[in-house]
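First comes the structure, then the notes that go with it.
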Amino acid sequence: MLSRLGYPSEDINCFELNGVKVALPIEPPDPSRLGGLAVGLLGVSAHNPSPNATLLRVRGVAFEDEVKLKAYIEFLRELRARDHRFLGRKLDLFTINELSGPGLPLFHPKGMVVWRGLVELIREVNRRLGYMEVYTPHVYRAELWRVSGHYHLYRDKMLIFKVGDEEYGVKPMNCPGHILIYKSRPRSYRELPIRYSEFGTVYRWEQSGELYGLLRVRGFTQDDGHAFLREDQVKDEVKAIIREVYWILRLFGFREEDVRVSLSTRPEKSIGTEEQWRKATEALMEALEELGIQYTVKEGEGAFYGPKVDVDFRDSLGRWWQCSTIQVDFALPERFDLTYKGPDGTLKRPVMIHRALLGSIERFMAIIIENYAGKLPTWLAPIQVAVLPITRRQEDYAIAIHGRLVREGFRAEIWDASTTVSRRIKRSYELGIPYIVIVGRGEEELGKITVRGRGNVEARLITLGQFIEVLKREVETRSPRQLLTELTSKMEIQG
RNA sequence: GCCCCGGUAGCCUAGAGGUUAGGGCGGCCGCCUUGUAAGCGGCAGGUCGCGGGUUCGAAUCCCGCCCGGGGCUCCA
């Protein structure tokens, strides 16, 4: 039984379906078919489209048949199973505590393992790109934020407070600190580009409704970098950065078709000369074209201080994320009166490039937790190996194996025989541990081990040395695959 | 920040004005000594988010606040 109800609002279509009032934000192609669809209820919310009408909106999804509906429900289940907010707790990576504050995550030891893995990865990239790591304070005199413009343009997101007679502000961005390092002495054109990087923790007072796990927080750490360079150096710098962004995405298993690049041009409200904008925008376009990268142009979407290139990528569930950003900036060099001595002896104004590769460590961590469904590749896994003695009689042997693994630099734990083997194996699967080493009487007598990988691959009775060699290679190459499979196939040949 | 929904032990959850708030996971203790995705038994663990109100009586009803979830808006 289906009937159309009056419109309380122009953009909502209301029907009564089997006695339940249903509001659809879109006009269904054939309203009379509504009754024959498979409908799943997603949520209920109230809206007040006009002063004298209250609308209860029941949100649901309709599919042509039960099979498609079930597939969608399965997708939602998958989302929940991969949700980094639950996995973060289960894997003991981080928590967000009501007492310490919303949007301010606390990273546990295991979470810091993943964090450090990402930071070390970016340190390598920074070395290749020539970015030198610096460290700057978290709090600055408000005067600095006046000079940078943040005091006026960004104030609603900033933490500004008074100490005695003077105001201070917690940093929402790292650039001003890096600028002051640049300004610490006169610069020559011969030095450029000067590149600074910092894993800088910034605080932005986001509105409470915008917070979302690690994906949207109030305190986060950027893998930030600023290059000070001549305008004619912009193109090469951007090319080098984008190449590295692609390298990083490939490392995490994102393919070309999962990456989307956009170029944002001059917005209406902006500073700088036409000439500067033209040069910078052309430099960005040329960089993208020379790399053979397809991109879309977002007219007028640039920052007020310069054009930018953003790299979005798509995770295994088809959701797009924006992390990497490369922005050209004419404004801050001017505001801080940055100069360098040109070859002709006159003072010139450098251009700045702001860039973040992962964007925020927190957000990127959340994305990879979800993308791997908690089963992190071995190089990032907080526990790489769990050693399981079958019975207490093998515990000394297990201790010896564990000790060797730890000395070789691996993150290993012993799970003693106080509970059953299958229970411990189940737990290792739940925690997404890459490898379990199982040692029973047979292994101990032969001085060997049995290794089982996450994908149910098993290498029986190999030597610890063989396993360490594979493990080492897997970690050093940051392999997304488990290299144990090589050992198992070898074993089959032998066996 | 706005709209709706929610908050019960470390985690998941039963409970809808009436005894000592019940269960599962996890934890601890004991038994078992285990060979590949949950062995058995016991014990501990709760200001029912916080504050106020209604009532003879509140986890349960009302108000305020805090926190979370879904959406809007915004971003890395």
Side-chain angles (χ1 to χ4, degrees), chain A residues 25 41-49 54-59 76 79-80 83 85-92 95-104 154 156-157 172-174 200-224 303 308 310-312 321-327 354-367 386 388-395 416-431 433 436-444 450-454 456-458 460-461:
Chain A
L41 193 62
L42 287 184
V44 180
S45 59
H47 300 265
N48 300 301
T54 297
L55 173 69
L56 188 65
R57 180 183 291 175
V58 179
R59 280 189 323 118
L76 293 183
L79 274 185
R80 193 183 150 85
D83 193 317
R85 294 167 300 178
F86 302 120
L87 286 172
R89 177 176 283 284
K90 189 161 130 196
L91 306 187
D92 198 16
T95 44
I96 297 173
N97 189 292
E98 185 174 338
L99 188 58
S100 54
L104 300 166
Y154 213 75
D156 56 327
K157 286 196 173 180
M173 294 187 193
N174 298 301
T201 305
V202 296
Y203 293 86
R204 300 180 186 173
W205 217 250
E206 306 290 354
Q207 302 177 59
S208 60
E210 289 168 345
L211 302 175
Y212 186 89
L214 291 184
L215 287 166
R216 194 71 183 277
V217 289
R218 283 180 173 156
F220 62 98
T221 301
Q222 298 177 305
D223 60 334
D224 212 351
K308 62 171 183 170
D310 290 322
V311 183
D312 296 3
W321 300 99
Q322 196 243 301
C323 291
S324 316
T325 182
I326 304 162
Q327 308 177 346
H354 308 239
R355 50 111 266 205
L357 305 169
L358 303 179
S360 115
I361 307 290
E362 289 81 355
R363 174 176 286 186
F364 199 82
M365 198 190 290
I367 291 168
L388 321 194
I390 298 279
T391 76
R392 267 177 209 149
R393 282 191 292 274
Q394 287 86 43
E395 270 175 16
D416 67 40
S418 56
T419 183
T420 58
V421 175
S422 54
R423 193 182 192 82
R424 286 177 277 161
I425 287 173
K426 180 176 198 298
R427 180 131 186 88
S428 81
Y429 274 87
E430 283 173 354
L431 295 181
I433 293 172
I436 47 180
V437 167
I438 300 170
V439 288
R441 203 177 58 184
E443 282 82 0
E444 183 170 18
T450 289
V451 183
R452 186 160 175 186
R454 259 186 318 225
N456 271 335
V457 286
E458 187 172 80
R460 282 180 194 274
L461 297 174

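Residue numbering restarts at 1 for every chain, and letters A, B, ... go by the order of the sequence lines. Computed over heavy atoms, backbone and side chain alike; hydrogens, waters and symmetry mates excluded.
Pairing for C72(B) goes to G1(B), judged as Watson-Crick or G-U wobble with the two contacts each under 3.5 Å. Judged by Watson-Crick or G-U wobble contacts below 3.5 Å, the nucleotide A14(B) has no partner. The nucleotide G41(B) finds its pairing partner in C29(B), both defining distances of the Watson-Crick or G-U wobble pair being shorter than 3.5 Å. When Watson-Crick and G-U wobble pairs are counted only if both distances are under 3.5 Å, G35(B) pairs with no nucleotide at all. Here C67(B) sits opposite G6(B) as a Watson-Crick or G-U wobble pair (both hydrogen-bonding atom distances under 3.5 Å).
Using a distance-only test at 3.5 Å, with no hydrogens or angles considered, a donor-acceptor pair links the side chain of Thr391(A) to the main chain of Arg393(A). Put simply, the side chain of Gln394(A) never gets that close to the backbone of Glu444(A): no donor and acceptor are under 3.5 Å apart.
At a cut-off of 3.5 angstrom, counting only N and O atoms as typed in the model, there is a donor on one side and an acceptor on the other between the side-chain of Glu443(A) and the base of G35(B). Side-chain N/O atoms of Arg363(A) and base N/O atoms of C75(B) include a donor-acceptor pair closer than 3.5 Å.
Candidate nucleotides G70(B), U73(B), A37(B) were compared by shortest atom distance to the side chain of Tyr429(A), and A37(B) ranks first. Here the side chain of Pro102(A) is nearest to one of C67(B), G35(B), A37(B), namely C67(B). Of the candidate nucleotides U34(B), C67(B), A76(B), U34(B) has the atom lying nearest to any side-chain atom of Thr391(A). Side-chain proximity of Arg204(A) to the nucleotides U73(B), A37(B), A76(B) is greatest for A76(B). Relative to the side chain of Ile390(A), the nucleotides A37(B), U34(B), C67(B) differ in distance, and U34(B) lies closest. Of the candidate nucleotides G26(B), G35(B), G68(B), G26(B) has the atom nearest to the side chain of Arg423(A). Checking C66(B), G1(B), G35(B) against the side-chain heavy atoms of Glu98(A) singles out C66(B) as nearest.
In this structure, the side chains of Val457(A) and Val451(A) stay at 4.5 Å or more apart for every pair of heavy atoms. You'll find the side chain of Arg355(A) stays beyond 4.5 Å of the side chain of Thr325(A), heavy atoms only. In this structure the side chain of Arg80(A) reaches within 4.5 angstrom of the side chain of Phe86(A), judged on heavy atoms. Side-chain contact between Pro389(A) and Arg424(A) is present, with heavy atoms from C-beta onward closer than 4.5 Å.
One atom, CG of Leu211(A), and another, P of C2(B), lie 14 Å apart when rounded to the nearest Å.
Here Arg80(A) does not reach the OP1 or OP2 of C12(B): none of its side-chain N or O atoms lies under 4.0 Å away. Look at Arg89(A) and you won't find any side-chain N or O under 4.0 angstrom from OP1 or OP2 of C12(B). Look at Thr325(A) and you won't find any side-chain N or O under 4.0 angstrom from OP1 or OP2 of A76(B). Look at Arg85(A) and you'll find a side-chain N or O under 4.0 angstrom from OP1 or OP2 of G70(B). Contact annotation: Arg393(A) side-chain N/O to U34(B) OP1/OP2 distance is under 4.0 Å. For A76(B), the OP1/OP2 oxygens have no side-chain nitrogen or oxygen of Arg216(A) closer than 4.0 Å.
Checked options Val437(A), Ile425(A), Thr450(A), Asp416(A); the residue passing with Leu388(A) is Ile425(A) (criterion: side-chain contact (heavy atoms from CB on, under 4.5 Å)).
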Can you name the atoms? Protein N/O to nucleotides 29-32 of chain B N/O, anything below 3.5 Å, with the distance.
unit_1 : atom_1 : unit_2    : atom_2 : d
C32(B) : N4     : Arg392(A) : NH2    : 3.2

